[in-house]
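This chain uses plain numbering: 1 for the first residue, then up along the sequence. Please read all numbers here as calculations on a predicted model, not as lab measurements.
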Amino acid sequence: MSVTRAAGRIMRAIRVAEFGSPEVMKLQNGVAIPEPSSKEVLIKIKAAGVNPVETYIRSGNRNVLPALPYTPGTDGSGVVEKIGSKVTKFKPGDRVYTKNISSGSYAEFGIAAESKVDILPENMTFQQGAAVGIPYYTAYRSLFQRGKARASETVLIHGASGAVGIACLQLGSAYGLNLMGTAGTPKGLELIAKHGAEKVFNHREEDYTKQIMEATAGKGVDLIIEMLANVNLDKDLDLLAPHGRVVVVGNRGPTQIDARKTMGKETCIVGVMLTNIDDYEYKEIAAAVGAGMAKGFLNPVVGLEYPLEEAVEAHREVIDHKQGTHGKIVLNV
């Protein structure tokens with residue numbers, strides 16, 4: 001940002017004035033920089049995470065939608081620019097990350113509540129910082145708070161080469177889970193094996209579910225983390241062991257299942273939505289993820305990077321996966 005622009009308190013930001021296709025996102029040059037309240041921090045954003053949920057909101061395909069116009073995104077990392085009068089945890093110049101940029105992360109500056117911001121370790125890039133929030137918080141909640149995973153259980157991560165899937169593998173490895181993963185490309189299979197999947201399966205192969213059952217000696221898996229329920233959920237129920245659970249992280253359309261499949265083995269299906277986390281659960285996740293990054297066993301994988309002005313292309317890719325799914329998509333600001 002130029003000196004003139006900073007002095008005038010304006011910035012570049014992606015703005016959405018109507019819900020619709022990716023093209024409704026417009027880069028604007030004269031957007032006012034938000035002012036932090038007493039318990040907020042203003043962050044000079046270096047990188048912003050791109051998540052599927054942001055495409056649903058932008059298209060208007062969600063129950064709760066922001067008032068128009070708005071700036072998309074919540075995941076981001078950068079440097080503290082300014083702090084509110086009652087902020088004690090941070091000072092200007094601190095490297096930070098957050099999943100709660102309330103003013104939108106597809107911008108040069110954003111504000112977040114002090115309680116929802118954390119220090120970014122020096123050994124991590126800003127791009128990695130932008131890959132922490134939604135993926136790792138979703139992964140922890142899916143595995144432990146909703147999925148009730150216990151050490152020694154067998155867990156299948158469906159679509160494990162994406163940002164949430166890799167986070168699940170890294171967390172599961174640290175917590176003693178027996179991990180399996182699926183991906184759709186050779187590069188994806190190699191990636192998930194590198195990050196903790198002991199057995200890998202190509203979900204584009206017709207008999208991959210048979211391969212999974214054979215790998216468990218016919219018993220099935222205790223927990224499935226599902227990224228595309230509208231395609232896989234009914235098959236997931238066949239893969240579960242007695243008392244197994246499916247945690248639905250992602251779904252893109254109507255889903256049809258045979259509910260009788262849940263009865264014989266007393267299995268269950270649960271959903272995940274980060275907006276439902278209470279303060280205690282948030283602190284638990286933040287502590288676990290923070291410790292994992294500090295100790296080095298959580299290491300976000302950045303896939304594709306786009307400049308801010310190519311947000312439209314980033315939104316297309318996060319849904320269409322034309323270049324494959326290999327970690328987190330980020331916008332460099």
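Taken together through direct or relayed side-chain contacts under 4.5 Å among Ile, Leu, Val, Met, Phe, Trp and Tyr, I134 and L304 form part of one hydrophobic cluster. Hydrophobic cluster membership is shared by V270 and V164, with clusters built from Ile, Leu, Val, Met, Phe, Trp and Tyr side chains linked at under 4.5 angstrom. Clustering ILVMFWY residues whenever any of their side-chain heavy atoms sit less than 4.5 angstrom apart, transitively, puts L228 in a cluster other than the one holding I157. V318 and V231 end up in different hydrophobic clusters when Ile, Leu, Val, Met, Phe, Trp and Tyr side chains are linked at under 4.5 Å. Placement of I277 and V249 within a single hydrophobic cluster is found when ILVMFWY residues are connected by side-chain heavy-atom separations under 4.5 Å, directly or transitively.
Taking CG from L308 and CG from N332, the interatomic distance works out to 9.5 Å, rounded to the nearest 0.5 Å. Atom CG of residue N100 and atom OH of residue Y282 lie 4.5 Å apart, to the nearest 0.5 angstrom. Put simply, CE on M293 and CG on L120 are 6.5 Å apart, with the number rounded to the nearest 0.5 Å. Note: I285 CD1 to Q145 CD = 4.0 Å, rounded to the nearest 0.5 Å. The line from NE2 of H158 to CD of E226 is 5.0 Å long, rounded to the nearest 0.5 Å. Atoms OH and OG, on Y137 and S142 in that order, are 14.0 Å from each other to the nearest 0.5 Å.
Judged purely by atom type and a 3.5 angstrom limit, D118 has no side-chain atom pairing as donor or acceptor with the backbone of Y97. Without hydrogens or angle criteria, T182 side chain to G159 main chain gives a donor-acceptor distance under 3.5 Å. Side-chain atoms of T55 come within 3.5 Å of backbone atoms of P52 as a donor-acceptor pair (strictly under, hydrogens ignored). A side-chain donor-acceptor contact under 3.5 Å links N251 to the backbone of N230. In this structure a side-chain-to-backbone donor-acceptor pair under 3.5 Å is present from E108 to R12. The backbone N or O of A32 lies less than 3.5 Å from no partner atom in the side chain of R9, so there is not a single donor-acceptor pair.
The two residues A130 and A48 come nearest to each other via the heavy atoms CB-C, 3.8 Å. Pairing each heavy atom of A288 with each of L298, the nearest pair is O-CD1, 4.3 Å. The shortest heavy-atom contact between A149 and L223 is CB-CD2, 3.8 Å. Closest heavy-atom contact between A131 and P135: O-CG, 3.4 Å. Summarising the geometry of A112 relative to V117, their closest heavy-atom pair is CB-CG2, 3.6 Å, with the distance given to 0.1 Å. A311 approaches M25 most closely through the heavy-atom pair O-CE, 3.4 Å.
The salt bridge (Lys or Arg N to Asp or Glu O under 4.0 Å) analysis of residues 198-214, with sequence neighbours excluded, yields no pairs. Applying the salt bridge (Lys or Arg N to Asp or Glu O under 4.0 Å) definition to pairs two or more places apart or across chains, those involving residues 133-162 are R141-E281, R150-E153, E153-R245. Sorted by first and then second residue, the salt bridge (Lys or Arg N to Asp or Glu O under 4.0 Å) pairs involving residues 18-38 (not counting sequence neighbours) are E23-R316, E35-K82.
Between Y106 and H315, the ring-plane angle classifies as perpendicular under the 30° and 60° cut-offs.
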Would you tabulate the side-chain donor-acceptor contacts of residues 64-74 under 3.5 Å, counting partners in other chains and residues two or more places apart, or write 'none'?
{"from": "Y70", "atom 1": "OH", "to": "R58", "atom 2": "N", "distance (Å)": "3.4"}
{"from": "T71", "atom 1": "OG1", "to": "I14", "atom 2": "O", "distance (Å)": "3.0"}
{"from": "T71", "atom 1": "OG1", "to": "R15", "atom 2": "NH1", "distance (Å)": "3.1"}
{"from": "T74", "atom 1": "OG1", "to": "K99", "atom 2": "O", "distance (Å)": "3.4"}

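Shown here are the side-chain contact (heavy atoms from CB on, under 4.5 Å) partners of T125, two or more places apart in sequence or in another chain: Q127, Q128. In this view, T88 and E114 satisfy the side-chain contact (heavy atoms from CB on, under 4.5 Å) rule, not counting sequence neighbours. Residues passing the side-chain contact (heavy atoms from CB on, under 4.5 Å) test with S103, sequence neighbours excluded: P34, I101, I111. Considering only residues two or more places apart in sequence or on other chains, K91 meets the side-chain contact (heavy atoms from CB on, under 4.5 Å) condition with D94. Not a single ring pair (Phe, Tyr, Trp, His ring centres under 6.0 Å) links F126 to another residue, sequence neighbours left out.
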*Candidate pair I119 and V96, rule side chain to side chain contact (heavy atoms under 4.5 Å, CB included), full reasoning*: CA-CA 4 Å; I119 291 291; V96 295; 4.2 Å; yes
*Trace of the side chain to side chain contact (heavy atoms under 4.5 Å, CB included) decision for N178 with D222*: CA-CA 10 Å; N178 300 315; D222 299 299; over 6 Å; no
*Given the rule in the side chain to side chain contact (heavy atoms under 4.5 Å, CB included) test, do I319 and E317 qualify, once you have shown the distances and angles that lead to the verdict?*
CA-CA 5 Å; I319 292 298; E317 183 61 31; over 6 Å; no
_Determine whether T267 and K261 satisfy the following criterion, side chain to side chain contact (heavy atoms under 4.5 Å, CB included), listing intermediate values before the conclusion._
CA-CA 8 Å; T267 57; K261 293 180 180 180; over 6 Å; no
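Annotation: E309, atom CD; neighbour count of heavy atoms from other residues, nucleotides and ligands within 6.0 Å is above 12. Atom CG of D279 has 12 or fewer neighbouring heavy atoms from other residues, nucleotides or ligands inside a 6.0 Å radius.
No side-chain heavy atom of I43 sits under 4.5 Å from any side-chain heavy atom of S105. A 4.5 Å side-chain heavy-atom check between P300 and Y136 finds at least one atom pair inside the cut-off. The shortest distance between side-chain heavy atoms of K328 and N51 falls below 4.5 Å. The side-chain heavy atoms of H203 and N232, taken from C-beta on, include no pair separated by under 4.5 Å. L42 is listed as a side-chain neighbour of I33, based on a closest heavy-atom distance under 4.5 Å.
When hydrophobic residues (I, L, V, M, F, W, Y) are linked wherever their side-chain heavy atoms come within less than 4.5 Å, the members clustered with L191 are I166, V301. When hydrophobic side chains of Ile, Leu, Val, Met, Phe, Trp and Tyr are connected at separations under 4.5 Å, L156 ends up clustered with M180, F201, Y208, I212, M213, V221, I224, L233, L237, L239, L240, V246, V248, I257, I269. Membership of the apolar cluster around V330 extends to V302, as traced through chained side-chain contacts below 4.5 Å between ILVMFWY residues.
Neither side chain, S161 nor H326, offers a donor N or O lying under 3.5 Å from an acceptor on the other.
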